[in-house]
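To start, the structure under review is shown below, and the notes come after it.
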Amino acid sequence: MDEPISEFPVWRYEEGRLAASQDKVAVEEPLEIRLRGEPFQVLMRLPGWEKELALGFLYTEGIVRDLNEVISIHFCGSATDPLLPPNVVDVQLTEAAWARRGRRHLEVAYSSCGLCAKEAVSEICQATAPVSSALTVTAPGLLNLIDRMYQEQAVFQGTGGTHGVALATPDGAFYLLAEDVGRHNAMDKVIGRARFQRRDLSRLVALLSGRISFEMALKAIRAGIPILAAVSAPTSMALNLAQELNLTLVGFARNQRLNIYTHPHRLTALA
């Protein structure tokens with residue numbers, strides 16, 4: 001696997017002087033997802049967790065609904081496999097999942113944004129089941145989980161160039177973190193790994209290091225995650241979607257404060 005951090009020569013200005021130096025940067029590389037050997041999607045991502053990323057992406061796109069619909073996932077990142085080029089994941093699906101893939105043409109999802117919603121929000125709401133979970137978390141407990149996410153973002157600490165997404169139980173006994181140059185990729189990575197581990201996502205909280213966009217809210221809803229909290233702001237489309245589909249959405253969760261935007265019954269004030 002390629003390293004997630006590389007060094008790049010820079011000229012650094014400090015205290016009135018310019019000097020040659022080296023800076024650590026997050027690595028960004030393409031990953032092609034193939035379905036039954038056919039090109040389906042290219043994601044620009046941080047190296048690592050390729051199988052998890054592919055599974056999470058297919059799950060949050062509504063193509064895979066259960067791990068049993070995945071026959072195999074094959075990845076070769078070293079160009080040593082004569083049947084598969086480097087940076088390609090090939091996923092073999094059952095007929096039911098294969099039929100859901102639609103007619104997507106091969107396109108690149110850049111790290112700065114997720115896939116744009118091609119259907120109207122109302123159509124997505126009609127086709128997507130609302131979140132069904134009685135999970136609750138305390139506000140102090142949620143803030144502690146957010147703080148832990150910051151502490152464990154090793155690539156961000158070294159480069160400042162990645163987003164982090166974590167899944168956790170409210171008590172923090174289970175905690176899973178992924179980083180990526182794209183927040184949507186990080187979300188798909190943790191969802192994919194949790195699916196591989198057969199975790200019940202309806203019992204987990206999702207934590208984001210950035211803002212909550214429409215795509216991020218939709219991924220959480222399709223995964224069945226009941227609470228989505230971020231250190232930054234939500235967008236209006238994310239709020240509308242969360243309200244319609246029973247997702248508790250929390251923003252500005254930092255510095256011992258937070259805003260609860262939708263379905264506040266899942267948060268309690270006291271430990």
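Note that the structure is a prediction, hence the values are computed from the model and not measured. Scope of the values below: all heavy atoms of this structure, side chains included, with no hydrogens, waters or symmetry mates.
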Does Pro9 reach the side chain of Gln22, with side-chain heavy atoms less than 4.5 Å apart?
yes
Does the side chain of Lys219 come within less than 4.5 Å of Asp188's, by heavy atoms?
yes
From OG (Ser133) to CZ (Arg203), nearest 0.5 Å:
5.5 Å
Just so I know, are the side chains of Glu14 and Arg17 near enough to count as touching, which here means a heavy-atom distance under 4.5 Å?
no
Let me check something: do Leu135 and Leu204 share a hydrophobic cluster, defined by ILVMFWY side-chain heavy atoms less than 4.5 Å apart, either directly or through other members?
no
Using the rule that two of Ile, Leu, Val, Met, Phe, Trp, Tyr join whenever any of their side-chain heavy atoms come within less than 4.5 Å, decide whether Val250 and Leu177 are in one cluster.
yes
So, does Asp180 use its side chain to make a donor-acceptor pair with the main chain of Thr162 at under 3.5 Å?
no
Does Ile146 share a hydrophobic cluster with Met216, counting links as ILVMFWY side-chain heavy atoms below 4.5 Å and allowing steps through other members?
no
Between Cys125 and Leu241, does the side chain to side chain contact (heavy atoms under 4.5 Å, CB included) criterion hold? Intermediate values first, please.
CA-CA 7 Å; Cys125 290; Leu241 190 70; 3.9 Å; yes
Rounded to the nearest 0.5 Å, what's the gap from CZ on Arg266 to OG1 on Thr136? Could you check?
10.0 Å
Minimum heavy-atom distance between Leu258 and Ala253, given as atom pair plus value:
CB-CA, 3.8 Å
What closest approach, in Å, do Leu145 and Pro170 show between heavy atoms, and which atom pair accounts for it?
CD1-O, 4.1 Å
Lys/Arg-Asp/Glu bridge criterion (N-O < 4.0 Å) met for Glu179, Arg45
no
Step by step, would you call Leu93 with Arg101 a side chain to side chain contact (heavy atoms under 4.5 Å, CB included)?
CA-CA 10 Å; Leu93 300 174; Arg101 73 194 187 284; 5.9 Å; no
Side chains of Met149 and Gln153, heavy atoms from C-beta outward: is any pair under 4.5 Å?
yes
Which pairs, with at least one residue in residues 152-178 and sequence neighbours excluded, count as a salt bridge (charged side-chain N to carboxylate O under 4.0 Å, His left out)?
Arg148-Glu152
Treat each ILVMFWY residue as a node, draw an edge where side-chain heavy atoms are under 4.5 Å apart, and state whether Leu201 and Leu58 are in one component.
yes
Arg195 side chain to Asp66 backbone, donor-acceptor under 3.5 Å
no
Donor-acceptor contact present, side-chain Thr262 to main-chain Gln243, <3.5 Å:
no
Quick one: do Tyr59 and Ile191 satisfy side chain to side chain contact (heavy atoms under 4.5 Å, CB included)? Show the steps, please.
CA-CA 8 Å; Tyr59 192 85; Ile191 289 174; 4.2 Å; yes
Measure the acute angle between the ring planes of Phe57 and Phe40, then classify it against the limits of 30° and 60° as parallel, tilted or perpendicular.
perpendicular
What is the minimum heavy-atom distance between Phe214 and Ala238, and which atoms define it?
N-CB, 3.9 Å
Look at the side-chain heavy atoms of Ile, Leu, Val, Met, Phe, Trp and Tyr, link any pair under 4.5 Å apart, and say whether Val231 and Leu239 land in one connected group.
no
Testing the basics here: between Pro226 and Leu247, what is the closest heavy-atom pair and its distance to 0.1 Å?
O-CD1, 3.4 Å
Rounded to the nearest 0.5 Å, how far apart are CD of Glu52 and CG of Leu176?
9.0 Å
Pick from Thr248, Thr169, Leu142, Leu167: which one makes a side-chain contact (heavy atoms from CB on, under 4.5 Å) with Val205?
Leu142
Whether the side chain of Asp90 engages the backbone of Gly37 through a donor-acceptor N/O pair (distance < 3.5 Å, no angle test) should be reported.
yes
Can Arg12 and Ser21 be counted as having a side-chain donor-acceptor contact under 3.5 angstrom?
yes
Tell me, do Ile225 and Val131 make a side-chain contact under 4.5 Å, heavy atoms counted?
no
Here the pair of heavy atoms bringing Ser209 nearest to Gly164 is OG-N, 2.8 Å
Do the side chains of Gln256 and Leu143 get nearer than 4.5 Å, heavy atoms only?
yes
Working to the nearest 0.5 angstrom, can you tell me the gap between Ile5 CD1 and Leu46 CG?
8.5 Å
Nearest 0.5 Å, what's the NE2-CZ distance between His74 and Arg34?
11.0 Å
Do you know the tightest heavy-atom contact between Val181 and Gly161?
CG1-O, 4.0 Å
Please check if the side chain of Gln157 supplies one atom and the backbone of Tyr150 the other of a donor-acceptor pair under 3.5 Å.
yes
Could you give the distance from CZ (Arg183) to OG (Ser213), rounded to the nearest 0.5 Å?
6.0 Å
Does Arg254 come within less than 4.0 Å of Asp147, counting only side-chain N to carboxylate O?
no
For Val27, the other hydrophobic cluster members (4.5 Å side-chain criterion, sorted by chain and number) are none
SB check Glu69 Arg100 (cutoff 4.0 Å):
yes
Hey, mind stepping through Leu55 and Val89 against side chain to side chain contact (heavy atoms under 4.5 Å, CB included) and telling me if it holds?
CA-CA 10 Å; Leu55 176 61; Val89 174; over 6 Å; no
Can you find a heavy atom in the side chain of Glu29 that is under 4.5 Å from one in the side chain of Asn87?
yes
I want to check something: taking the side chain as every heavy atom from C-beta on, are Arg222 and Thr128 in contact at a cut-off of under 4.5 Å?
yes
